[in-house]
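As the structure is a computational prediction, the values presented were derived from the model and not from experiment. Heads up: numbering here begins at 1 and tracks the sequence.
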Amino acid sequence: MANLETYVRMAEDELTEYSSEARKIEKIRRKMALSLNYKQQQELKAEVLEIMPQGFLPWLVEDNRQTAALPFWGIAGLGLLFGISLQQPLDFLAPAIALPVAIKIQQWGWKLQAKRLLLKTIDELEQRIKNPEQSAG
């Protein structure tokens, strides 16, 4: 059985690269094709699909993680600003709460993007297996 976390980390590594999605998929595809057979790829895909959340909020965070976290970054910044300028210790609660929330949203979005990249890679591998003559060009 393929270790899901290993392949998610592999996809996260590719997300850090400044390249097109097609190039990222190509790099992951090569690694996966060498390390997993077709049955293992299907098991990995089923495992990823099982843990991928559905709905509007996960879609929003996956597609726009910075935008989803932005209000919390703003709250944290304003809390720091008001806490320092107005000398109000209670205002420091906002950054204490908003900063971890913003970071968690960013991390969640990053993981969701990596899993989606993994799914797209497995789908491309399936296409290449089903239509080998199209992928040769």
Side-chain angles (χ1 to χ4, degrees):
M1 182 66 185
N3 184 358
L4 174 65
E5 196 58 38
T6 302
Y7 291 98
V8 170
R9 267 189 253 114
M10 183 189 309
E12 286 175 349
D13 288 345
E14 289 304 321
L15 285 175
T16 63
E17 299 284 325
Y18 184 76
S19 61
S20 68
E21 185 175 89
R23 178 73 179 132
K24 292 173 186 175
I25 289 172
E26 180 65 22
K27 289 171 80 176
I28 297 171
R29 185 189 61 77
R30 288 182 197 152
K31 295 173 188 174
M32 286 182 68
L34 292 174
S35 61
L36 298 174
N37 62 35
Y38 184 74
K39 183 177 182 262
Q40 291 170 325
Q41 291 170 13
Q42 295 308 305
E43 290 172 359
L44 183 65
K45 181 179 180 179
E47 194 174 345
V48 172
L49 285 172
E50 184 179 309
I51 63 171
M52 281 294 282
Q54 302 297 317
F56 177 73
L57 185 61
W59 170 82
L60 178 70
V61 171
E62 177 187 341
D63 201 43
N64 301 303
R65 70 177 185 280
Q66 286 93 353
T67 305
L70 188 61
F72 297 100
W73 290 116
I75 291 168
L78 284 174
L80 281 174
L81 179 68
F82 289 144
I84 292 169
S85 66
L86 301 177
Q87 298 177 348
Q88 294 292 324
L90 198 56
D91 286 336
F92 288 110
L93 280 177
I97 295 168
L99 276 174
V101 171
I103 291 169
K104 286 297 180 186
I105 289 172
Q106 293 271 19
Q107 289 174 337
W108 186 38
W110 189 255
K111 291 274 187 199
L112 289 173
Q113 280 184 314
K115 290 172 186 170
R116 183 71 57 201
L117 186 61
L118 204 54
L119 286 172
K120 288 179 181 179
T121 303
I122 293 171
D123 287 343
E124 185 174 308
L125 280 166
E126 287 176 7
Q127 284 299 103
R128 287 177 177 258
I129 289 171
K130 291 177 183 174
N131 301 319
E133 65 278 350
Q134 287 182 343
S135 62

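Contacts of K104 classified as side chain to side chain contact (heavy atoms under 4.5 Å, CB included), with partners at least two apart in sequence or in another chain: Q107. The side chain to side chain contact (heavy atoms under 4.5 Å, CB included) search around M10 returns Y7, I28, K31, not counting sequence neighbours. Partners of T6 by side-chain hydrogen bond (donor to acceptor under 3.5 Å, both in side chains), not counting sequence neighbours, listed by chain and number: N3. Residues passing the side-chain hydrogen bond (donor to acceptor under 3.5 Å, both in side chains) test with K24: none are found, sequence neighbours excluded. Listed by chain and residue number, E14, E17, R23 satisfy the side chain to side chain contact (heavy atoms under 4.5 Å, CB included) test with K27 (two or more places apart in sequence, or in another chain). With sequence neighbours excluded, the residues forming a side chain to side chain contact (heavy atoms under 4.5 Å, CB included) with P53 are P58, W108, L112, listed by chain and number. Every residue meeting the ring pair (Phe, Tyr, Trp, His ring centres under 6.0 Å) condition with F56, not counting sequence neighbours, appears here in chain and number order: W59. Judged as a side-chain hydrogen bond (donor to acceptor under 3.5 Å, both in side chains), and not counting sequence neighbours, S19 has no contacts. Among residues two or more places apart in sequence or in another chain, the side-chain hydrogen bond (donor to acceptor under 3.5 Å, both in side chains) test is passed with K39 by E43.
By the 4.5 Å heavy-atom criterion applied to side chains, W110 and T16 are counted as neighbours.
What you find for A11 and A114 is that their closest heavy atoms are CB-O, 3.4 Å. Listed here is the closest heavy atom pair of I25 and L117: CG1-CD1, 3.6 Å.
The CD atom of Q127 sits 8.5 Å away from atom CD of E124, with the distance rounded to the nearest 0.5 Å.
Q41 places no side-chain N or O within donor-acceptor distance of the main-chain N or O of I122, the cut-off being under 3.5 Å.
Applying the salt bridge (charged side-chain N to carboxylate O under 4.0 Å, His left out) test to every pair with at least one member in residues 111-121, sequence neighbours left out, gives these pairs: E5-K111, E12-K111, E21-K120, E62-R116.
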Name each donor-acceptor pair under 3.5 Å that joins a side chain in residues 64-87 to protein atoms two or more places apart or in another chain, with its distance.
residue, atom, partner, partner atom, Å
R65, NH1, Q113, OE1, 2.3
S85, OG, L81, O, 2.8

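Cluster annotation: I51 and L44 are assigned to the same hydrophobic cluster (Ile/Leu/Val/Met/Phe/Trp/Tyr, side-chain heavy-atom contacts under 4.5 Å, transitive). Neither L99 nor I105 shares a network with the other; the hydrophobic side chains, linked directly or stepwise wherever heavy atoms of I, L, V, M, F, W or Y lie under 4.5 Å apart, form separate groups for each. Put simply, L125 and L4 are part of the same group of oily side chains (I, L, V, M, F, W, Y) that touch within less than 4.5 Å, one to the next.
Cluster partners of I97 are absent, since no Ile, Leu, Val, Met, Phe, Trp or Tyr has side-chain heavy atoms less than 4.5 Å from it.
Around atom CG of L90, no more than 12 heavy atoms belonging to other residues, nucleotides or ligands sit under 6.0 Å away.
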